[in-house]
Colleague: 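I have a structure here, written as structure tokens, and I will follow up with some questions on it.
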Amino acid sequence: MSHQEGFWQKFVLGGVACMVPLPVMNPIEVVKIRLQVQGEMMNNKMMMMNNNTARHYRGFGHGILTIASEEGVRGLYKGFTPALMREGVYASTRAGLYEPVKYLLGEDSSTGGLPFYKKLVAGAMAGGLGAAVATPSDVVKVQMQAEGPVPSPRYRNTFHAFSTIWKSEGIRGLYKGIVPTTQRAFVISAAMMPSYDQTKHFLLDHGWVQEGPLIHVISGLTAGFVMAAATNPVDVVKTRIMNQHLHHHPSGGRYLSSWDCFTRTIKAEGIMGLYKGFVPSFLRLGPHTLLSFVVYEYLRRLSGLKPM
């Protein structure tokens, strides 16, 4: 089967594969978002002086227990519908375009594949486009997940969130954070697809592992670790910009740009401010990436497509 064949199958299978783990991963994502926005723009001294309010969630485990206690199981599944919508668009585009872009960059399986740096470019291009298209659902997801226990929630449901943001902030409100989310997607996709691809074919070329579930698990875990290490700072910036309201600042937001958010976070909270939520981020990305690739490879085999 040529790379043109199965083009739309790869889109569909990529989206389905990344949606399958979401019921398990959504609670982890909620805790990660809460950790990333709490204590925003507070330095370490202020955090210590205001410990009761600034540190409502004292880490991943405490966050899970606190949210479950205060908001019930529903609290851990806030933003689940827009999360499904986001994966359906973002993951489908990323998986569907990765291999065609590799061929455009000169991949030829008969001559030994493609240099790793070109795989990075292919992953970044495919993921960046997918994230840009999926930004509105990402904005809704972040805002719903960031909201803690309140008497009157901002949004009744996902579609009310879309309509409220559209009415109050316009199209700009639905696409706020498109720059950091696309930047994050460049990084995460340049890390995810190529690191899986490279790890898998490195093991295959050396004859250490054969094609099958084991190599999918090893390569998926490797990709998840690389992704978490590379993307956490960009993820913090993305989350904070998406969670702000445009009318809070004369220029249209609390942060003027991704760089403004990045530098102000470091000045106020230190470099570790960019690594808030790292543990839940890895706990989400590791298993999610592993399961996504295992399911994706399985669905490809059922559909008659060759392995990645």
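One-based numbering along the sequence shown.
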Colleague: Any ion pair linking Glu29 and Arg86 (charged N to carboxylate O, less than 4.0 Å)?
Modeller: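 No, Arg86 and Glu29 are not salt-bridged.
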Colleague: Considering only distance and modelled atom types, tabulate donor-acceptor pairs under 3.5 Å from the side chains of residues 228-238, sequence neighbours left out.
Modeller:
unit_1	atom_1	unit_2	atom_2	d
Thr231	OG1	Met227	O	2.7
Asn232	ND2	Leu274	O	2.9
Asn232	ND2	Lys276	O	3.2
Asp235	OD1	Arg184	NE	2.9
Asp235	OD2	Lys32	NZ	2.6
Asp235	OD2	Gln36	NE2	3.3
Lys238	NZ	Asp138	OD1	3.4
Lys238	NZ	Asp138	OD2	3.3

Colleague: Would a 4.5 Å heavy-atom cut-off, applied to side chains only, mark Met25 and Leu291 as touching?
Modeller: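 SC-SC contact between Met25 and Leu291 confirmed.
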Colleague: For a 4.5 angstrom cut-off between non-hydrogen side-chain atoms, does Ile67 reach Val31?
Modeller: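 Counting from C-beta outward, Ile67 and Val31 do come under 4.5 Å.
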Colleague: With a sphere of 6.0 Å drawn around CZ of Phe225, does it hold more than 12 non-hydrogen atoms of other residues, nucleotides or ligands?
Modeller: no
Colleague: Kindly give the heavy-atom pair with the smallest separation between Pro21 and Ser292, and that separation in Å.
Modeller: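 So the two residues come closest at CG-OG, 3.9 Å.
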Colleague: Working to the nearest 0.5 angstrom, can you tell me the gap between Ile266 CD1 and Ile271 CD1?
Modeller: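 These two atoms lie 4.5 Å from each other.
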Colleague: Does the side chain of Thr164 come within less than 4.5 Å of Arg154's, by heavy atoms?
Modeller: no
Colleague: Can you check side-chain hydrogen bond (donor to acceptor under 3.5 Å, both in side chains) on Gln143 and Tyr155, steps first, answer last?
Modeller: CA-CA 9 Å; Gln143 292 195 14; Tyr155 310 121; 2.4 Å; yes
Colleague: Would you indicate whether the side-chain heavy atoms of Leu285 and Ile188 approach each other to under 4.5 Å?
Modeller: yes
Colleague: What distance do Phe262 atom CZ and Gln183 atom CD have between them, rounded to the nearest 0.5 Å?
Modeller: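 Separation between the atoms: 10.5 Å.
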Colleague: Report, one line per pair, each donor and acceptor closer than 3.5 Å where one atom sits in a side chain of residues 205-212; sequence neighbours left out.
Modeller:
unit_1	atom_1	unit_2	atom_2	d
His206	ND1	Phe202	O	2.9
Glu211	OE1	Lys200	NZ	3.1
Glu211	OE2	Lys200	NZ	3.4
Glu211	OE2	His216	NE2	2.6

Colleague: Are any side-chain N or O atoms of Tyr77 and backbone N or O atoms of Pro23, one a donor and one an acceptor, separated by less than 3.5 Å?
Modeller: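 Yes, because the side chain of Tyr77 sits within donor-acceptor range (under 3.5 Å) of the backbone of Pro23.
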Colleague: Using the rule given for side chain to side chain contact (heavy atoms under 4.5 Å, CB included), can you reason through Arg300 versus Gln9, listing the C-alpha separation, both sets of side-chain angles and the distance that settles it, and then say yes or no?
Modeller: CA-CA 8 Å; Arg300 286 175 68 112; Gln9 283 178 288; over 6 Å; no
Colleague: List the atom pairs, with distances to 0.1 Å, where a side-chain N or O of residues 123-134 and a protein N or O form a donor-acceptor pair under 3.5 Å, not counting sequence neighbours.
Modeller:
none

Colleague: Set out, in order, the CA-CA distance, both residues' side-chain angles and the distance that settles side chain to side chain contact (heavy atoms under 4.5 Å, CB included) for Thr182 and Phe186, then state yes or no.
Modeller: CA-CA 6 Å; Thr182 304; Phe186 278 142; 3.7 Å; yes
Colleague: To the nearest 0.5 Å, what is the distance between CZ on Phe60 and CD1 on Ile28?
Modeller: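 CD1 of Ile28 is found 5.0 Å from CZ of Phe60.
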Colleague: Within the distance-only criterion (no hydrogens, no angle test), does the side chain of His288 pair as donor or acceptor with the backbone N or O of Leu22 below 3.5 angstrom?
Modeller: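 Between the backbone of Leu22 and the side chain of His288 there is no qualifying donor-acceptor contact (under 3.5 Å).
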Colleague: Measuring only between side-chain heavy atoms, which start at C-beta, is Pro287 closer than 4.5 Å to Val24?
Modeller: no
Colleague: First locate atom CG of Leu290, then atom CD1 of Ile218, and finally report the distance between them rounded to the nearest 0.5 Å.
Modeller: 10.0 Å
Colleague: I want to check something: taking the side chain as every heavy atom from C-beta on, are Ser257 and Val179 in contact at a cut-off of under 4.5 Å?
Modeller: no
Colleague: Identify the heavy atoms of Pro82 and Thr158 that sit nearest to each other, and give their distance.
Modeller: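 Closest approach of Pro82 to Thr158, heavy atoms only: CD-OG1, 3.2 Å.
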Colleague: State, with a plain yes or no, whether a side-chain heavy atom of Met192 is found less than 4.5 Å away from one of Tyr98.
Modeller: no
Colleague: So, does Lys176 use its side chain to make a donor-acceptor pair with the main chain of Gln244 at under 3.5 Å?
Modeller: yes
Colleague: Say whether, by atom type as modelled, one donor and one acceptor occur between the side chain of Thr263 and the main chain of Asp260 under 3.5 angstrom.
Modeller: yes
Colleague: How long is the span from the NE2 atom in His201 to the OG atom in Ser219, to the nearest 0.5 Å?
Modeller: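 Going from NE2 on His201 over to OG on Ser219, the span is 8.5 Å.
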Colleague: Please answer whether the main-chain N or O of Glu147 pairs with a side-chain N or O of Arg34 as donor and acceptor at a distance below 3.5 Å.
Modeller: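 It does hold such a pair.
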Colleague: With heavy-atom distances below 4.5 Å as the criterion, would you say the side chains of Ser137 and Val89 are in contact?
Modeller: no
Colleague: Just to verify, what does Thr66 make a side-chain contact (heavy atoms from CB on, under 4.5 Å) with, not counting sequence neighbours?
Modeller: His56, Tyr57, His62, Glu70
Colleague: Looking only at heavy atoms, what is the nearest atom pair of Tyr255 and Ile241, with distance?
Modeller: CD1-CG1, 4.1 Å
Colleague: Would you compute the distance between atom NZ of Lys102 and atom NZ of Lys119 and round it to the nearest 0.5 angstrom?
Modeller: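 It comes to 5.5 Å.
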Colleague: Could you work out the complete set of other residues in the hydrophobic cluster of Phe116, with links drawn between I, L, V, M, F, W and Y side chains under 4.5 Å apart?
Modeller: Leu120
Colleague: Might you point out which heavy atoms bring Pro153 and Pro151 nearest each other, and give the distance in Å?
Modeller: CD-O, 3.8 Å
Colleague: Under the ring pair (Phe, Tyr, Trp, His ring centres under 6.0 Å) rule, collect the residues that match up with Trp166, sequence neighbours excluded.
Modeller: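 Not a single residue meets the ring pair (Phe, Tyr, Trp, His ring centres under 6.0 Å) criterion with Trp166.
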